[in-house]
Amino acid sequence: MELSKNYIPTEAEAKWYQHWMDKGYFFSTPDEREPYTIVMPPPNVTGVLHMGHCLNNTIQDILIRRARAEGKNACWVPGTDHASIATEAKVVQMLRERGITKSSLSRDEFLKYAWEWKEKYGGIILQQLKKLGCSLDWNRTSFTMDEDYYTSVIKVFIELHKKGVIYRGKRMINWDVKAKTALSDEEVIHKEIQSKLYYINYLIDDDREHEDSMAMADHITVATVRPETILGDSAICVNPNDKRYTHLHGKFAFVPLINRRIPIITDEYVTLDFGTGALKVTPAHDKNDDELGRKHNLKVINTLDNEGKFTAVELADENPSELIVKYNGIDRDELRKIIIEDIAVLNQVEKIEDYNGTVATSERTGVVVEPLLSLQWFLDMKKIISENPETVSAVTSDAITFHPLKLKNTYSYWMDNIKDWCISRQLWWGQRIPAWYDAEGKYVVAATEAEAKEMFNAQYSISNAQLKQDEDCLDTWFSSWLWPIEVFKGISKPDNKEIDYYYPTTTLVTGQDIIFFWVARMVMAGYIFKKELPFKDVYFTGMVRDKQGRKMSKQLGNSPDLLGLIDQYGADAVRFGIMISSPAGNDLLFDESSLEQGRNFNNKLWNALKLLKMWEGRQSATGNEQLTIENFAINWFENRLNQVKTEVDGLMKQFRLSEALKNIYSLVWDDFCSWYLEWVKPGFEQPIEKAVYEKTVGFFEELVQLLHPFMPFISEEIYHLVGDKKDDLCVKLTIANRPMTTEILAQGELLKQVISTLRDARNKNQLKPKEAIQLHIQTASPQSYIAIENIVAKQVNAASVNYVNESVANTIVVAIEKDKFYIESEKQLDSATLKADLLKDLEHQKGFLQSVSKKLSNERFVQNAKPEVIALERKKMEDAENRIKTIEESLKGLN
RNA sequence: GGGAGCUUAGCUCAGUUGGUUUAGAGCAUCUGCCUUACAAGCAGAGGGUCACAGGUUCGACUCCUGUAGCUCCCACCA
């Protein structure tokens, strides 16, 4: 069969993925083997594959494929997340494009559209993962709103409510005015912005009669960044120790524009050196003001509606002026400008300063979050932790090991400062909160209306109550935190065979940006519902950035089209490119040139295959004059292969995947292709010893097997092309490592060094590769060269090799260790560059010798250092001395 | 404001209990090669006073302190 010039990924990839699927290699059922379980972080159901997913899932596939080859029962569960806010927003937008507003639909109608949308576009991302080669157990594909999953979320809510961990309360929450829903603290991102600090004068209500226009002297100046909330002010607060305002304690001031009379109160909370030291208190629109308001019993006056627009509803009893009518329905940003203009007209704007502050924005919609007092459902996190202390200790004790370890601190800090989790969302797409209310607002928590009625009867002695279910649904993460349990039906069908076998899962691979959203909460859920940790290792990936270090974003247009890249370079090359430099926990600077490197690696492998196929038909069992060469080469490569395999095992255990890949890459490219294959390569059109050929094929197979988790397609393709196979690499069990001989490895290193040095000398003397040389070796131990002399001769094009006891005239000489190599050529040799090299080397060696002997002549070093260290230093000194001697002799020979 | 981390070759990064020949890799650069596996390649080479300043030590890229710069996380100074 004729092989193409270069490797063509497209066909091979489609072919092998289908083959693996047909064979059912990715499917897992519980058996007697040790399980290796990974649950995929479920992407947003409407998402499309991007670099982050690619990194994430490539890592998971590598781990899973390795586990499979190690004989474990590998189970990798795919699925998607209903992502309530994001998906609902997409559905709303889709409806808007069709001219339908959400408000015109009933809940059921809306959900029908949403499900239609999900069925149509949902899970595209899962199909895309197949292109990447992900060996997922597709029979287990889950969705966080599957029927059983939904039931389990409701069940968990009811259970936690019963335990008193879930409560309902009126709290200051983060309100997303675009999505029109509450958010948890984790969904809020604080951003630095340039804004203004407005200094506004509030007139003091003075008992004195004002007889002239001196009134303006009697004011207090307040600094605020949010003048638009001024109509909700219910006090001014100063620090009790602030001497500037002592005379105002207990007095009243007037809110500009509406002249509401508000008290001037004192509280230590106010800092003296910010602004004017006087704070306007607006309990309805600021978290701190809310607390101050509670403490001082202030009135709460809400002036913004749920879209962040002005509403005068709560000002009704204040004789709303025309101004207020004018403000109605105006957006908060616009309102700020108008109010400042209007106050300026009254001459009560003292000044406006530039101000750098932070603003809270919604993680989902990006809009500025509005603090809003609202009735929501909360999870008492402190109680959860105190009842499940393992939630914290599992991580600090490394029972759950984080990679990188430093994220432990982040985790514990969050746990130590945990706040209650607002779990209700004013959305329809999600699990509806199972709370039932009667007309008076009494409620019970129950799975069904019938149960709720019974409970009303029992709890309130109300029979056949007219009940309405809570309109809100639950935070998406309130379902995702059950993911490692419920994908095995651990909540909906507790203690089934699957959950008992697969849980706890083995490794979680996820982004460090969701350590609080998801990882921490899964640990909690694990201990609450299974009394056990959910996973043993967590591998955190960083963020994928472009090569300039910028985040990938639609606006910048710097996020590459992944499927396009797969088409262009092949999935293996993409996997290689993204893995070659991505240490755990660090951001990855994505550069397309690493994909080129991956593609080139494909070709390197492909060409090695072509070479072997050429040899296949030229085997012979006779010619044995070169057996020394082959024996050493084979012996050495076998050792080297096992050395790298051992290293890779160690690196994989530490989750240092890119290091492992680098080692494999170098083993294939340098050791196998550049050294080994050249050493055993027969002369032009010469036959190859059958035994050598078979050994070489065996090595190649072992190499592609080692590579397979990283680059599954080409490795499988080569495995089948290099010889007829009945089995598949995908499920082939790893060959155990054989013991290594360090002597052979050392001799191999010496051999490489000799060849490189001689080639360098040839280069420097402008000897063409075809120009043969005579090589003379001056050494005290010729026996160390016997096994490798033929390889040396072949690799440096030496027509002859012999051993001498003294220098050889008219030659180039190079020194390696204690030995000298004389290169004799028919061509006239120019020793000038070589001499310069030798002098440079000499200088270096002398400097080195000096530092070593200085160390050795230091009494305290000799006294304190470990004996083996001293011995090593002695050896270094001896070597350096020998080498200097060799170089000096060589230089003499040149003159 | 608090915390964590980073700073090693032009770029991206390794460097695992302080001593392995006065620092390694990949990419990029330079030189020479169209050598029938591979020019998407082969053979070589150059390039770093390990951010800076102190300290501990016989010995520091490695440990400690300080300084500078960068990054991330957390946080209610309006």
Side-chain angles (χ1 to χ4, degrees), chain A residues 3 5-7 172 190 197 222-226 237 269-271 273-276 278-282 286-291 355 357-358 360 371 404 406-407 409-410 413-414 417 512-513 515-516 542-543 547 549 580-581 583 585-589 591 593-594 596-597 599-615 650 654 656 658-659 662 665-666 673-674 677-678 681 684-685 755-756 759-764 766 768-770 795 797 844-845 847-852 855 858-866 868-870 872-873 875-877 879-880 883:
Chain A
L3 293 174
K5 184 174 186 301
N6 288 330
Y7 172 63
M172 191 59 98
H190 296 272
L197 191 57
V222 162
T224 180
V225 291
R226 299 204 63 196
C237 190
Y269 163 75
V270 181
T271 42
D273 55 0
F274 187 88
T276 60
L279 170 74
K280 79 182 194 68
V281 186
T282 322
D286 186 278
K287 208 172 172 187
N288 300 307
D289 292 10
D290 174 47
E291 278 164 30
Y355 177 66
T358 55
K406 65 177 179 186
L407 286 171
N409 296 332
T410 312
Y413 184 84
W414 186 77
N417 296 283
Q512 52 174 291
D513 51 332
I515 182 168
F516 309 133
M543 192 179 291
K547 64 176 168 183
I580 196 68
S581 61
N586 282 359
D587 284 355
L588 170 78
L589 270 54
D591 186 348
S593 72
S594 63
E596 273 175 43
Q597 198 187 343
R599 180 197 57 191
N600 296 351
F601 187 37
N602 275 342
N603 281 328
K604 191 69 187 176
L605 288 158
W606 191 249
N607 278 303
L609 171 71
K610 274 161 56 182
L611 181 65
L612 292 200
K613 295 313 275 184
M614 270 178 60
W615 293 351
Q654 299 172 64
R656 297 171 66 180
S658 67
E659 287 291 301
K662 276 178 195 168
Y665 174 79
S666 169
C673 293
S674 296
L677 287 180
E678 294 299 330
K681 188 189 250 178
F684 184 53
E685 290 189 342
I755 293 169
S756 292
R759 279 172 173 170
D760 185 32
R762 288 185 58 117
N763 258 346
K764 294 229 165 86
Q766 288 164 332
K768 293 262 156 52
K770 278 178 185 162
Q795 297 295 287
N797 193 15
H844 177 263
Q845 291 297 332
F848 179 69
L849 178 65
Q850 205 181 356
S851 79
V852 177
K855 201 185 263 189
N858 183 334
E859 269 177 44
R860 286 192 287 182
F861 170 70
V862 182
Q863 275 164 16
N864 296 324
K866 281 180 278 183
E868 60 265 33
V869 172
I870 298 171
L872 189 73
E873 291 300 318
K875 169 100 167 48
K876 280 190 206 170
M877 186 167 83
D879 286 352
R883 195 154 159 73

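Note that this is a predicted model, so its numbers are computed, not measured. Order of the sequence lines sets the chain letters (A, B, ...), proteins ahead of strands, with each chain counted from 1.
Nearest approach of Tyr269(A) to Leu279(A), heavy atoms of both residues: CE2-CD2, 3.8 Å.
Rounding to whole angstrom units, CG of residue Asn586(A) and C1' of rA4(B) are separated by 13 Å. Spacing between atom CZ of Phe601(A) and atom P of rC27(B) amounts to 12 Å, rounded to whole angstrom units. Between Ile755(A) atom CD1 and rA45(B) atom C1' there is a gap of 18 Å when expressed in whole angstrom units. A straight line from CG of Leu588(A) to P of rC13(B) spans 9 Å, rounded to a whole angstrom. Here rG19(B) presents its C1' atom at 8 Å from CG of Leu872(A), a figure rounded to the nearest Å. For Arg883(A) and rU22(B), the CZ to C1' distance is 15 Å, given to the nearest whole Å. Atom pair Asp879(A):CG and rU22(B):P shows a separation of 11 Å (rounding to whole Å applied). What separates CD of Gln795(A) from C1' of rG44(B) is a distance of 14 Å, to the nearest Å.
Here Ser658(A) contributes atom OG and Ile580(A) contributes atom CD1; the two are 7.0 Å apart, rounded to the nearest 0.5 Å. Separating the CG atom in Asp290(A) from the CE atom in Met172(A) is a distance of 4.0 Å, to the nearest 0.5 Å.
Taking 4.0 angstrom as the limit, Asn600(A) places a side-chain polar atom (N or O) nearer than this to OP1 or OP2 of rG41(B). Under 4.0 angstrom from either OP1 or OP2 of rG41(B) there lies no side-chain N or O belonging to Asn602(A).
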Tabulate protein N/O versus nucleotide N/O from nucleotides 33-37 of chain B, keeping only pairs under 3.5 Å, one per line.
unit_1: rA37(B); atom_1: OP1; unit_2: Lys681(A); atom_2: NZ; d: 3.3
unit_1: rA37(B); atom_1: O2'; unit_2: Asn607(A); atom_2: OD1; d: 2.8
unit_1: rA37(B); atom_1: N7; unit_2: Lys681(A); atom_2: NZ; d: 3.4
unit_1: rA37(B); atom_1: N6; unit_2: Cys673(A); atom_2: O; d: 3.3
unit_1: rA37(B); atom_1: N6; unit_2: Glu678(A); atom_2: OE2; d: 3.1
unit_1: rA37(B); atom_1: N3; unit_2: Asn607(A); atom_2: O; d: 3.0
unit_1: rA37(B); atom_1: N3; unit_2: Ala608(A); atom_2: N; d: 3.4

All N/O pairs under 3.5 Å across the protein-nucleotides 69-78 of chain B interface:
unit_1: rA75(B); atom_1: OP1; unit_2: Lys419(A); atom_2: NZ; d: 3.4
unit_1: rC76(B); atom_1: O2'; unit_2: Asn288(A); atom_2: ND2; d: 2.9
unit_1: rC76(B); atom_1: N1; unit_2: Asn288(A); atom_2: OD1; d: 3.0
unit_1: rC76(B); atom_1: O2; unit_2: Asn288(A); atom_2: OD1; d: 2.8
unit_1: rC77(B); atom_1: O2; unit_2: Thr271(A); atom_2: OG1; d: 2.3
unit_1: rA78(B); atom_1: OP2; unit_2: Tyr355(A); atom_2: OH; d: 2.4
unit_1: rA78(B); atom_1: O5'; unit_2: Tyr355(A); atom_2: OH; d: 3.4
unit_1: rA78(B); atom_1: N6; unit_2: Thr271(A); atom_2: O; d: 3.1
unit_1: rA78(B); atom_1: N6; unit_2: Phe274(A); atom_2: O; d: 2.8
unit_1: rA78(B); atom_1: N1; unit_2: Thr271(A); atom_2: N; d: 3.4
unit_1: rA78(B); atom_1: N1; unit_2: Thr271(A); atom_2: OG1; d: 3.4

Polar pairs (N or O, both sides) under 3.5 Å between protein and nucleotides 15-18 of chain B?
unit_1: rG15(B); atom_1: OP1; unit_2: Arg656(A); atom_2: NH2; d: 3.2
unit_1: rU16(B); atom_1: O2; unit_2: Arg656(A); atom_2: NH1; d: 3.3

What pairs of nitrogen or oxygen atoms, one from the protein and one from nucleotides 23-26 of chain B, lie under 3.5 Å apart?
unit_1: rG26(B); atom_1: O2'; unit_2: Gln597(A); atom_2: OE1; d: 3.2
unit_1: rG26(B); atom_1: O2'; unit_2: Gln597(A); atom_2: NE2; d: 3.0

List, with names and distances, any nitrogen or oxygen atoms from the protein found under 3.5 Å away from nitrogen or oxygen atoms belonging to nucleotides 56-59 of chain B.
unit_1: rC58(B); atom_1: OP1; unit_2: Asn864(A); atom_2: ND2; d: 3.4
unit_1: rC58(B); atom_1: O2'; unit_2: Asn858(A); atom_2: ND2; d: 2.7

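Every residue two or more places apart in sequence or in another chain was checked for a side-chain hydrogen bond (donor to acceptor under 3.5 Å, both in side chains) with Asn797(A), and none qualifies. With sequence neighbours excluded, the residues satisfying side chain to side chain contact (heavy atoms under 4.5 Å, CB included) with Glu678(A) are Lys681(A), Gln795(A). Scored by the side-chain hydrogen bond (donor to acceptor under 3.5 Å, both in side chains) test, Gln597(A) finds Tyr665(A) as partners (sequence neighbours excluded). Contacts of Gln766(A) classified as side chain to side chain contact (heavy atoms under 4.5 Å, CB included), with partners at least two apart in sequence or in another chain: Lys827(A). Considering only residues two or more places apart in sequence or on other chains, Trp414(A) meets the ring pair (Phe, Tyr, Trp, His ring centres under 6.0 Å) condition with Phe516(A). Considering only residues two or more places apart in sequence or on other chains, Tyr413(A) meets the ring pair (Phe, Tyr, Trp, His ring centres under 6.0 Å) condition with none of them.
For the residue pair Lys855(A)/Asn858(A), the side-chain donor-acceptor check at 3.5 Å is not satisfied.
Taking the C1' atom of each, rU49(B) and rU12(B) are spaced 23 Å apart, rounded to whole Å. Remark: the separation of the C1' atoms in rU67(B) and rC6(B) is 16 Å, to the nearest Å. Nucleotides rG47(B) and rG26(B) are separated by 15 Å at their C1' atoms, to the nearest Å.
At a threshold of 4.0 Å, the pair Asp879(A)-Lys875(A) counts as salt-bridged, since one of the basic side-chain nitrogens sits closer than that to a carboxylate oxygen.
A donor-acceptor contact under 3.5 Å is not formed by the side chain of Lys876(A) with the base of rU20(B). Contact of Arg599(A) with rA40(B) (side chain to base): a donor-acceptor pair of N or O atoms is detected under 3.5 Å.
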Once Watson-Crick and G-U wobble pairs under 3.5 Å are found, how is RNA chain B written in dot-bracket notation, 5' to 3', with | for any base paired to another strand? (((((((..((((.....[....)))).(((((.......))))).....(((((..]....))))))))))))....
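Counted within 6.0 Å of CD on Gln863(A), heavy atoms from surrounding residues, nucleotides or ligands total more than 12; the atom is thus considered enclosed.
Ser756(A) comes within 4.0 angstrom of the backbone, heavy atoms only, and of no base.
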